[in-house]
Chemist: 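Handing you a structure now.
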Amino acid sequence: MKITLWGSAGDVTGSAYLIETDQSAILVDCGSFQGSKTAEARNRKLPPVDINHLDAVVLTHAHLDHCGRLPLLAKENYKNPIYATPATIEISALILRDSLKVQNNDLEKLNRKLLRNGKPPVEPVFLKKDVEDVIGLMTPIAYQQDHTIAPGIKVRAAEAGHILGSSSLKLLITENGVTKSVVFSGDLGAKGMPIVRDPEPFLQTDMVFLESTYGDRDHKPMKETLEEFDSIIRDTVGRNGKILIPSFAVGRTQDLLYYLDSATRKGKLPGFPVYLDSPMAIEATKIYLRHPELFDEEMTEMSKDGQFQQSFNRIHATVSAEESRKINDIPGTCMIIAGSGMCNAGRILHHLRHNLWKPETSVIIVGYQAEGTLGRRLVDGVKWVNIFGERIAVKAQIHMLGGFSAHAGQSELLKWFNSLAPWRPKVVLTHGEEKARLPLAKIIRERYGLNPVLPGYGDSVEL
Ligand SMILES: [Zn+2]
């Protein structure tokens, strides 16, 4: 069999693995590229596969960089199943419909400019029909059960602990009467993350594709992060300032709501209004609440008596733009959680414009901020920013809390790998920049005597 990487090879986006055997072909993930223009240009192309001979697609989880190119399959008339856990199906439907909206809005602006310039408009990469068709092909698979998905290929999903419904996958591939196994870690969460269960490692495999997003470091312990979080909030309440949190809609936002709820209940934080100013995050949170079977013990306990649901009901979920604008008129402390996570678009921009110049405001950055984004400039400590063409002074306090990451740190990655290591599998490191996957490769070489492969875009690995 041959496995070719059409994304997340030496970087962290565009996950897509094409697996070809003597009798079948399947894809594991089919995600979008994010970041540089050259990377994003690849979003117009599918991995080079004959659609008529593609038997199935399997998703590890619903983040856009793992499912974003699926509509291109429908556009090419792909009609076979796309397997995923039920929660992944619900969240990817939400994410894909949102990405269609984003595409169309961006395109409208771009094409207006092009037309004024006397140039032809740019065609959309995919249409509403493609998104709906592809959602229609999604087929649920249960955790910890073998499902036959193509001639000679079975798949089993295990909890990956990253976001709701996320999974690591084990493929059992039979060729010429011999069965071999290939494990894909997917994006792995850290042990002890809120809401979702801890990752469940597989115990045996011939080959493993291991993510390496944080292959070079560990996060600050969660306890320290939470103490810092609480103290920032208490200080801001003392100053009567607003607390702004730019956040990704799926995963991080639900973790934050969970922490707020548990800290308020324990009496660590005073009460203040919380605004969830993101229609997508509101929908994603509802999906989370519909899947108590995927909660860890603590969350199960918190949701048993309906308390978490009640706390969620107390949060002001602002759906319309009108409601969003009204938040600015509210006096005193409130917390505003809004997208985008890197402050390069979305409603958070309005709130930053209204509050960045006030010294009593706190901005809490909870996620990775890519080079060139407004969020990154704030973290870097600039004194002025430009928002909607207006020069805004940065007088607010900017806090960076790295401990909220949805990805396992180096030690957690190695712990997960530990249970596979005795089988001496072929190790392939993916989903990490070189500065992260090289140190991880070094440790795996030294500790286990295994020599990891570090493929680039379009490279194949054979087994
Ligand atoms: Zn992810």
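Just so you know, ligand 1 is whichever comes first in the structure, and atom 1 is the first atom listed for that ligand. All values below were derived from every heavy atom in this structure, side-chain atoms included, with hydrogens, water molecules and symmetry-related copies excluded.
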Chemist: I need the protein N, O or S atoms closer than 2.8 Å to the Zn ion (ligand 1), given as residue plus atom name.
Modeler: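 Protein N, O or S atoms closer than 2.8 Å to the Zn ion (ligand 1): H61 NE2, H63 ND1, H162 NE2, D187 OD2.
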Chemist: Return the set of residues passing salt bridge (Lys or Arg N to Asp or Glu O under 4.0 Å) with R265 (not counting sequence neighbours), or none when no residue passes.
Modeler: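 Result, salt bridge (Lys or Arg N to Asp or Glu O under 4.0 Å) vs R265: D261.
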Chemist: Among pairs that include at least one residue of residues 153-167, which meet salt bridge (charged side-chain N to carboxylate O under 4.0 Å, His left out), considering only residues two or more places apart or in two chains?
Modeler: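 Residue pairs passing salt bridge (charged side-chain N to carboxylate O under 4.0 Å, His left out), neighbours aside: D146-R156, E159-R197.
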Chemist: Check the angle between the aromatic planes of Y259 and F404 and answer parallel, tilted or perpendicular using the 30° and 60° thresholds.
Modeler: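 Taking F404 first and then Y259, their aromatic rings sit tilted (interplane angle of 30° to 60°).
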Chemist: Taking NZ, NE, NH1 and NH2 as the nitrogens, is one of them in K128 or E132 under 4.0 Å from a carboxylate oxygen of the other?
Modeler: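 No.
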Chemist: Do any side-chain atoms of residues 453-463 form donor-acceptor pairs under 3.5 angstrom with protein atoms, and if so which ones, sequence neighbours left out?
Modeler:
unit_1	atom_1	unit_2	atom_2	d
D459	OD2	G456	N	2.7
S460	OG	T4	OG1	2.8

Chemist: Salt bridge check, K180 against D206: does any charged N sit closer than 4.0 Å to a carboxylate O?
Modeler: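 So D206 does not pair with K180 through a salt bridge.
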